[in-house]
Q: 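Below you'll find the structure I mean.
Predicted model only: the values in this text are computed from it and were never measured. For ligands, and for the atoms within them, numbers begin at 1 and follow the listed sequence. Scope of the values below: all heavy atoms of this structure, side chains included, with no hydrogens, waters or symmetry mates.
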Amino acid sequence: MGRRAHIITFGCQMNGRDSETMAGALEEAGHGIVAREEEADLLVVNSCSVRDGAETRALGRLRQLVGRRRSNRHLRVGVAGCMAQRLGEELFSLVPGLNFVLGTGQFARIAEVVGRLDAGEERIALLGLETAPCHRRPMGHGRPSASVTISTGCPMACSYCIVPRTRGTGTFRPMADIVREVELLAEGGTREVVLLGQIVNFYGQRHLPSVAGKSPFVQLLERINAVAGIERIRFLSPHPCGFREDLIRCFSDLPKLCHWVHLPLQSGSDRILRAMRRGYGRERALSLLLSLRRAFPEMSLSTDLIVGFPGEDDRDFQMTEELFSAVDFDMAYIFRYSPRTGTPAADRTDQVPDAVAAERQQILLRRLAETSLRRNRLFLHRTLPVFVEGFLEKNPNICLGHGFQGKKVFFPGSVRLLGRTVPVRVEEIGVSSLRGVAVENI
Ligand code: SF4
C-alpha cells in the first residue's frame with residue numbers, strides 16, 4: 001500500500017516547482033499526497049539555504065517532525081532541496097532520526113527512496129547535482145497557470161550567494177522537451193506558463209547557437225508563443241547581463257508575453273556591485289531599465305535589492321536610492337544583507353551594523369510605497385484584461401488575477417472564471433494591488 005505524503009516547502013518559486021516534481025513522482029509510484037501533515041506517514045521538508053536563518057528554521061521544523069515518530073513508528077521524515085545539498089549526510093547528526101536527504105538534482109528519485117525505506121533501510125542520502133530525468137506528466141496539468149523549469153543552477157558567482165554550490169553551475173533542458181511540456185499543459189487546460197530558471201535569459205548560452213541575432217532564450221519564447229491554447233507567458237528571473245535588444249523586442253513582437261519584468265539589481269553603487277561580483281555596473285542596469293520604461297511605459301518593473309552589504313557606506317546607499325527613484329519601480333523586494341555561511345561576503349570584516357541596514361531598508365520601503373501607488377494610479381478607472389488564477393482563501397467569491405502588466409487585481413466573481421481572462425474595471429488602488437468589478441456579464 002502506498003504512503004500518504006505531505007511536503008513542506010520553504011523558499012523560492014523554484015522550490016515550489018521542485019515540490020511539485022516530488023509530489024508527481026510519488027503519485028506516479030502509487031503514493032498519495034495529503035494536505036494535512038497530521039494525516040501523513042511520509043513528511044518531506046523542501047529546504048532553502050538563501051540565509052542562515054532559513055536553514056535554522058528548516059532544522060527546527062525537521063527536529064519537530066522527527067519527534068512525531070514517538071507516537072507514529074511508521075512515520076518517515078526526509079529533507080530535500082538546497083540545505084540538503086549543502087549539508088548532505090551531516091544532516092543525519094544535526095537531526096537524529098532523519099531518514100533521508102535528497103539533493104537538488106535528485107527530486108525525481110523520491111519514489112525510489114521511499115521504496116528503499118519501505119524495504120528496511122533507515123538512512124539514505126542521494127546528493128548528485130546531475131538532474132535526474134524529469135517526471136513525465138507536466139506538474140501544473142489542469143491548472144490555469146503553471147510553472148515550467150527551463151534551467152537549473154547558476155553560472156555566476158555572486159559573493160553573497162550559495163546557489164551555485166547548492167544547485168550547480170547551470171544546466172538547461174532541451175528546447176523540444178520544454179515546448180512539448182507546454183503543449184501538454186495547454187491540452188490539459190493551462191492558459192498561462194511561467195518559465196523558471198535561476199537566470200532565464202542565460203538559457204542555452206554557450207551551447208545553443210543564436211539564430212538571426214536571437215539568443216536561445218528568445219528562440220524558446222518564440223516557440224512557446226506559437227503554442228495553441230497558451231494565452232500568457234511570463235519568466236522569472238532574468239539577469240541584467242545578457243538582457244539585450246532581441247529580448248526587449250520580444251515584448252512588442254510576441255503578443256502573449258506579459259509586460260512584466262522582475263530584474264534583480266541588488267545595488268545601485270558600482271563599488272558594491274563589484275564587491276557583490278554581479279558582473280554589471282550601475283549604468284548598464286539603469287539604461288536597460290530606462291529603455292524598457294521608454295518603450296513600454298505601462299510595463300511592470302520590479303527588483304530585488306540588498307541594503308547593508310559589507311562595506312556599503314552612505315554614498316553607496318545614496319546611489320542605490322537615486323537609481324531606485326530614477327526607475328520608479330512598481331514593486332521591489334528589499335532585503336537587509338544577512339551573512340550566508342560559506343560565501344566570501346560572510347567573511348568580510350566590514351559588516352554594516354544591523355541598525356544602519358534597517359534604517360536604509362525603511363527609507364527604500366517608504367519610497368516604494370509612494371512609487372507603487374503612483375504606478376497603480378495609471379490603471380485607475382480603466383478596464384484591464386485580468387487572467388483569473390485563484391480566489392481569496394477567506395472568500396471564494398473574490399477572484400484573484402493579474403493584468404497583462406503584472407498588476408494584482410481582486411474583483412467579485414465565481415469559480416467558473418478560473419483560467420479565463422475577464423475585463424475588469426479598476427475602481428480602487430492600493431500599494432500592492434487593484435480592486436475592481438467585471439464589466440461583462442459573468
Ligand atoms: S546570479 Fe548571483 S545571486 Fe543569482 S543565483 Fe546566481 S550567484 Fe546567486
Side-chain angles (χ1 to χ4, degrees), residues 10-18 46-55 81-86 103-105 129 131 147 149-173 194-207 215 217 235-244 247 261-282 284-285 288-289 301-312 320 323 332-348:
F10 288 84
C12 64
Q13 205 160 345
M14 203 77 174
N15 269 21
R17 180 62 175 75
D18 293 335
N46 192 4
S47 62
C48 167
S49 276
V50 72
R51 288 186 184 78
D52 287 353
E55 288 195 350
C82 288
M83 182 179 76
Q85 185 68 41
R86 195 180 85 79
T104 49
L129 273 175
T131 306
S147 302
T149 303
I150 66 167
S151 60
T152 54
C154 177
M156 302 296 278
C158 297
S159 61
Y160 55 87
C161 180
I162 198 83
V163 165
R165 255 180 69 190
T166 58
R167 291 198 172 251
T169 52
T171 56
F172 65 96
R173 289 176 63 195
V194 185
L195 306 182
L196 290 185
Q198 227 71 47
I199 303 186
V200 280
N201 53 323
F202 283 12
Y203 174 81
Q205 209 189 36
R206 295 200 200 100
H207 296 273
S215 69
F217 181 57
F235 55 74
L236 272 177
S237 291
H239 192 282
C241 296
F243 201 124
R244 303 209 175 84
L247 182 51
V261 172
H262 180 78
L263 191 71
L265 288 189
Q266 313 302 8
S267 174
S269 153
D270 276 332
R271 208 173 67 85
I272 297 299
L273 287 169
R274 266 195 306 277
M276 288 176 165
R277 300 187 194 154
R278 289 290 293 170
Y280 55 86
R282 169 194 173 84
R284 159 81 195 132
L288 169 60
L289 286 159
L301 292 178
S302 58
T303 192
D304 295 334
L305 289 169
I306 298 173
V307 291
F309 187 80
E312 184 188 71
T320 299
L323 184 140
Y333 300 91
I334 300 158
F335 303 99
R336 272 182 261 166
Y337 171 75
S338 141
R340 171 62 275 183
T341 308
T343 62
D347 296 333
R348 287 183 54 154

Q: How close do Pro238 and Val261 get, heavy atom to heavy atom, and via which atoms?
A: CG-CG1, 4.3 Å
Q: Would you say that Gln205 contacts Ile199 through its side chain, given a criterion of any heavy-atom pair below 4.5 Å between the two side chains?
A: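 Result no, sub-4.5 Å side-chain heavy-atom pair not found.
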Q: Within the supplied structure, the quantity of interest is the number of heavy atoms (other residues, nucleotides, ligands) at a distance under 6.0 Å from Arg271 CZ; does it exceed 12?
A: yes
Q: Would you say His262 and Ser237 are linked by a side-chain donor-acceptor pair, where the criterion is simply a distance under 3.5 Å?
A: no
Q: How many angstroms lie between atom CG of Asp52 and atom CZ of Arg340, to the nearest 0.5 angstrom?
A: 4.0 Å
Q: May I ask you to identify the nearest protein heavy atom to atom 4 (Fe) of ligand 1, giving residue, atom name and distance to one decimal place in Å?
A: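 Result for atom 4 (Fe) of ligand 1: Arg278 NH1, 4.1 Å.
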Q: Show all protein N/O/S atoms under 2.8 Å from atom 8 (Fe) of ligand 1, or state that there are none.
A: Cys161 SG
Q: Nearest 0.5 Å, what's the NE2-SG distance between His239 and Cys158?
A: 5.5 Å
Q: Which of the atoms in ligand 1, numbered in the order shown and given with their element, are less than 4.0 Å from a heavy-atom of Ile199?
A: 1 (S)
Q: Can you measure from OG1 (Thr149) to CG (Asp18) and round to the nearest 0.5 angstrom?
A: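 Output value for this atom pair is 6.0 Å.
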